[in-house]
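Taking it in order: structure first as structure tokens, then the write-up.
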Amino acid sequence: MTVFDRTVHRLVGRIPPGRVATYGQIAALLGVPRAARAVGSALKRLRAGSPVPWHRVINARGGISLRANLAGMLSQRLLLEREGVRFASERVSLARYRWRGPRRQPLRSLRVLERL
DNA sequence: ATAGTGACCGCGT
DNA sequence: AACGCGGCCACTA
């Protein structure tokens, strides 16, 4: 494990249930816009049983990238559907499910508004 | 130090 | 809309 790996894992850990992010998006949020591929590798290095919600990371086309491992591909889809993410012809609508990135803790006054 | 390897991406057929 | 390429970045052997 490297610093890069842990940084990726930490960020991915903040994606809420029912939402998704793309590899490129994660890379961009980390300040390395073109490291999408490296992000995928970092996720692959996750230890089995890790609490990191790796399944919430998909490719820019809204699809699952685990083409090689068919088993893993199905489980990813299952995990997402279990959270309410719907698939349409092997794809999810990024417009609808894309996570907007980590938000700073809202200001106290704004929090009140959120409850409305 | 270096060459090889992808859970990627955007662009041009 | 699907496919193929080339470029990219971090990691590994």
Side-chain angles (χ1 to χ4, degrees):
Chain A
M1 297 299 253
T2 67
V3 179
F4 179 78
D5 287 334
R6 278 191 287 275
T7 306
V8 169
H9 299 168
R10 182 161 58 79
L11 180 56
V12 170
R14 301 189 57 165
I15 307 174
R19 313 240 63 183
V20 301
T22 69
Y23 297 95
Q25 183 184 346
I26 295 300
L29 287 170
L30 292 180
V32 197
R34 304 173 199 184
R37 217 168 177 171
V39 168
S41 300
L43 289 182
K44 185 164 66 174
R45 283 172 220 121
L46 271 173
R47 294 183 52 184
S50 155
V52 177
W54 57 271
H55 59 283
R56 309 214 256 248
V57 184
I58 61 182
N59 63 42
R61 291 153 208 185
I64 290 174
S65 288
L66 292 170
R67 281 304 166 65
N69 183 349
L70 184 56
M73 190 192 94
L74 267 68
S75 67
Q76 177 166 15
R77 173 165 178 165
L78 188 62
L79 287 169
L80 284 175
E81 293 184 314
R82 184 177 297 171
E83 299 180 346
V85 176
R86 308 297 296 284
F87 280 72
S89 35
E90 306 291 299
R91 302 201 179 175
V92 314
S93 165
L94 286 175
R96 179 172 172 182
Y97 299 106
R98 189 196 288 279
W99 174 48
R100 296 307 180 183
R103 300 283 159 129
R104 290 291 179 193
Q105 282 301 318
L107 298 180
R108 192 171 191 64
S109 58
L110 294 181
R111 278 191 172 179
V112 177
L113 293 178
E114 281 185 358
R115 293 176 177 277
L116 296 182

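Chain identifiers are assigned alphabetically (A, B, ...) following the order of the sequence lines, protein sequences preceding nucleic acid strands; residue numbering begins at 1 within each chain. Keep in mind it's a predicted model, so treat the numbers as computed, not measured. Note: hydrogens, waters and symmetry copies are ignored here, and every other heavy atom, side chains too, is used.
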Rounded off to whole Å, could you give me the [atom1]-to-[atom2] distance for the [X] and [N] pair?
X      : N       : atom1 : atom2 : value
E90(A) : dA2(C)  : CD    : P     : 11 Å
M1(A)  : dA10(C) : CE    : C1'   : 14 Å
I26(A) : dA10(C) : CD1   : P     : 15 Å

> Looking across every strand, which nucleic acid part, if any, lies under 4.0 Å from Y23(A) by heavy atom: base, sugar-phosphate, or nothing?
Replying inline: base
> Sub-3.5 Å donor-acceptor pair from the side chain of R14(A) to the main-chain atoms of P102(A), do we have one?
Replying inline: no
>> Are R77(A) and E90(A) packed together at the side-chain level, in the sense that at least one heavy-atom pair is separated by less than 4.5 angstrom?
In response: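 Counting from C-beta outward, R77(A) and E90(A) do come under 4.5 Å.
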Between [X] and [Y], which heavy-atom pair has the shortest distance, and what is it?
X      : Y      : answer
M73(A) : I64(A) : CG-CG2, 3.4 Å
W99(A) : L11(A) : CH2-CD1, 3.7 Å
A42(A) : D5(A)  : CB-OD1, 3.1 Å
Y97(A) : G84(A) : OH-O, 3.7 Å

>> side-chain contact (heavy atoms from CB on, under 4.5 Å) for L79(A) and R82(A)? Distances and angles first, verdict last.
In response: CA-CA 5 Å; L79(A) 287 169; R82(A) 184 177 297 171; 3.8 Å; yes
> What do you reckon, is CZ of R96(A) surrounded by more than 12 foreign heavy atoms closer than 6.0 Å?
Replying inline: no
>> Let's see if you get this right: which residues in residues 33-52 of chain A place a heavy atom under 4.0 Å from DNA chain C?
In response: R34(A), A35(A), R37(A), A38(A), R45(A)
> Going 5' to 3' on DNA chain B, which nucleotide is the first and which the last to come under 4.0 Å of a heavy atom in chain A?
Replying inline: dG6(B) to dG10(B)
